[in-house]
Amino acid sequence: DTARDYSDEGCLHQLFEQQVVRSPQATALITPTQTLSYQILNTKADQLARQLQALGIKPEARVGICLDRSANLIIAILAVLKSGGAYVPLDPDYPRNRLTYILEDAEVSVVITQPESEEITATALQRIVLEDQEASQYPATSYTASTTEPQPNNLAYIIYTSGSTGKPKGVAIEHSSPVALVNWAKDVYSQEQLSGVLAATSVCFDLSIFEIFVPLSSGGSVILADNVLQLPTLPAAQSVTLINTVPTAIAELARIQGIPDSVTTINLAGEPIPQTLVQQLYALGSVQQVFNLYGPSEDTTYSTYTLLSPDDAIVPIGTPIANTQAHILDNQQNF
């Protein structure tokens with residue numbers, strides 16, 4: 001359905017803020033040690049956004065986020081977007097020279113980090129160091145959206161690809177693109193399917209956009225994990241309804257019998273999918289839908305999708321998502 005322009009419907013964080021109004025007391029974020037409601041998550045993000053604005057962050061400014069996978073990570077991402085800036089994810093485990101390169105290449109002006117990562121972000125001009133997992137150090141003031149409210153054509157994030165051809169390459173994405181993705185997903189997936197989405201992908205990869213913003217825009221819970229193989233040991237494992245990952249990871253999770261019965265929907269992306277894996281997932285009985293999602297980072301996470309059947313002779317990549325066109329070219333780049 002390309003009739004509706006999904007991309008012209010505000011900014012990424014505004015989809016979350018609209019859900020805060022609809023369900024303030026619902027559970028937005030579950031970590032192994034914490035549970036935050038929509039209202040509390042929003043308040044904490046507002047407070048950090050105000051701090052960022054005080055440092056001069058406004059639309060098109062780039063803010064690095066170098067944090068472990070705790071509640072602070074989600075708070076920081078929302079806060080950067082609320083402040084008007086674009087977030088640049090930095091994995092604390094990356095080599096220091098790679099982080100330094102990204103900080104310089106993206107022209108990052110502020111980094112949100114943690115005490116144990118202060119040294120590796122030393123080249124940043126300004127830093128906000130979040131001392132504790134509960135993020136209780138933020139000043140008790142709310143941010144003012146009016147002065148720096150970003151527009152759909154402003155940058156939302158810059159994700160650096162692996163750099164297989166040399167130096168990492170930054171992919172800069174405006175709000176309108178992930179907004180279109182989120183709104184498409186809300187049409188394709190039911191609220192029940194999105195009620196507990198496992199967020200196990202590094203924020204340095206764009207599969208994380210789906211895992212964070214689709215549930216937070218539809219009243220579901222983001223269930224945070226260090227990686228997908230941690231799922232069986234998560235306190236909230238039985239609350240996970242949707243897993244969004246790569247085929248090799250789900251194959252390993254299936255091998256160790258680590259897919260909870262609560263999971264009804266599995267999204268696979270990033271690698272070719274063996275037909276035997278599709279059959280294996282449906283054979284679990286609890287899994288009702290397995291999707292193949294395909295697309296490069298430059299086209300905002302997913303470009304095409306299809307609901308797979310255990311009877312498919314081959315695994316197709318499907319048809320374009322909303323607001324997307326797909327063209328098949330020959331060797332001469334002709335349609």
Side-chain angles (χ1 to χ4, degrees), residues 1-7 9-10 12 14-30 35 37-38 41 74 178-201 206-225 228 231 234 236-245 250 253 259-269 273 278 281-295 300-310 312 316-324:
D1 176 20
T2 57
R4 175 179 164 198
D5 185 2
Y6 287 92
S7 62
E9 299 188 14
L12 202 46
Q14 291 167 346
L15 300 180
F16 163 67
E17 290 169 347
Q18 291 160 11
Q19 188 59 46
V20 173
V21 175
R22 290 191 291 264
S23 60
Q25 301 310 317
T27 298
L29 177 62
I30 302 172
T35 299
S37 69
Y38 272 82
L41 178 59
I74 307 302
V179 164
L181 173 78
V182 169
N183 282 320
W184 161 81
K186 288 165 67 177
D187 280 352
V188 171
Y189 301 88
S190 69
Q191 283 190 299
E192 290 74 25
Q193 288 174 297
L194 300 173
S195 64
V197 176
L198 182 67
T201 304
D206 65 350
L207 267 67
S208 63
I209 301 299
F210 183 102
E211 296 174 351
I212 295 169
F213 289 102
V214 173
L216 288 183
S217 302
S218 58
S221 300
V222 174
I223 301 173
L224 201 61
V228 74
L231 173 57
L234 289 180
Q238 290 297 329
S239 297
V240 175
T241 55
L242 185 148
I243 299 173
N244 185 70
T245 190
I250 205 72
L253 204 56
I259 301 175
D261 292 342
S262 56
V263 174
T264 63
T265 308
I266 294 175
N267 287 348
L268 297 176
I273 304 171
V278 178
L281 294 173
Y282 278 118
L284 293 172
S286 50
V287 174
Q288 297 164 15
Q289 292 189 315
V290 179
F291 286 91
N292 185 15
L293 297 136
Y294 169 82
T300 314
T301 311
Y302 302 133
S303 306
T304 68
Y305 78 108
T306 189
L307 176 61
L308 298 176
S309 162
D312 289 332
I317 66 168
T319 55
I321 74 167
N323 282 71
T324 302

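Side chains are part of it too, since the values below use all heavy atoms of this structure and drop only hydrogens, waters and symmetry mates.
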Legend entry - Distance in Å, L268 CG paired with L293 CG, rounded so as to fall on 0.5 Å steps: 8.0 Å

Inset, instruction - Kindly indicate whether the side chain of L284, heavy atoms from C-beta on, has any atom under 4.5 Å from the side chain of V263. - result: no

Legend entry - Interatomic distance, I266 atom CD1 to Q288 atom CD [nearest 0.5 angstrom]: 11.0 Å

Inset, instruction - Please name the pair of heavy atoms, one in S221 and one in P215, separated by the smallest distance, quoted to 0.1 Å. - result: O-CB, 4.0 Å

Legend entry - Neighbour count >12 (heavy atoms, 6.0 Å) for atom CD, Q191: no

Legend entry - Smallest separation among heavy atoms of E192 and T241, with atom names: O-OG1, 3.7 Å

Inset, instruction - Test L308 against L281 for side chain to side chain contact (heavy atoms under 4.5 Å, CB included), laying out the working first. - result: CA-CA 11 Å; L308 298 176; L281 294 173; over 6 Å; no

Legend entry - Non-hydrogen side-chain atoms of I250 and V290 separated by less than 4.5 Å: no

Legend entry - Sub-4.5 Å side-chain heavy-atom contact between Y189 and V214: no

Legend entry - Derivation of the side chain to side chain contact (heavy atoms under 4.5 Å, CB included) call for V182 and L216: CA-CA 10 Å; V182 169; L216 288 183; over 6 Å; no

Inset, instruction - Kindly indicate whether the side chain of L242, heavy atoms from C-beta on, has any atom under 4.5 Å from the side chain of L194. - result: yes

Legend entry - Gap separating the CD1 atom of I212 from the CG atom of L207, nearest 0.5 angstrom: 11.0 Å

Legend entry - Any donor-acceptor N/O pair, S37 side chain to Q25 backbone, under 3.5 Å: no

Legend entry - Heavy-atom pair of closest approach, residues I223 and G196: CD1-CA, 3.9 Å

Inset, instruction - Taking all non-hydrogen atoms of both residues into account, name the closest pair between L234 and L198 and its distance. - result: CD1-CD1, 3.8 Å

Legend entry - Side-chain donor/acceptor of Y38 to backbone N/O of R22, under 3.5 Å: no

Inset, instruction - Calculate, to the nearest 0.5 Å, the distance between atoms CZ and CD1 belonging to F213 and I74 respectively. - result: 8.0 Å

Legend entry - Donor-acceptor contact below 3.5 Å, side chain E211 vs main chain A200: yes

Legend entry - side chain to side chain contact (heavy atoms under 4.5 Å, CB included) between Q18 and V21, worked out: CA-CA 5 Å; Q18 291 160 11; V21 175; 5.9 Å; no

Inset, instruction - Would you mind reporting whether F16 and L41 have side-chain heavy atoms less than 4.5 Å apart? - result: yes

Legend entry - Side chain S286, main chain S262, donor-acceptor under 3.5 Å: no

Legend entry - Which atom of Y282 lies closest to which atom of V287, heavy atoms considered: CD2-O, 3.7 Å

Inset, instruction - Could you tell me which residues satisfy side chain to side chain donor-acceptor pair (under 3.5 Å) with S23, sequence neighbours excluded, listed by chain and number? - result: Q19

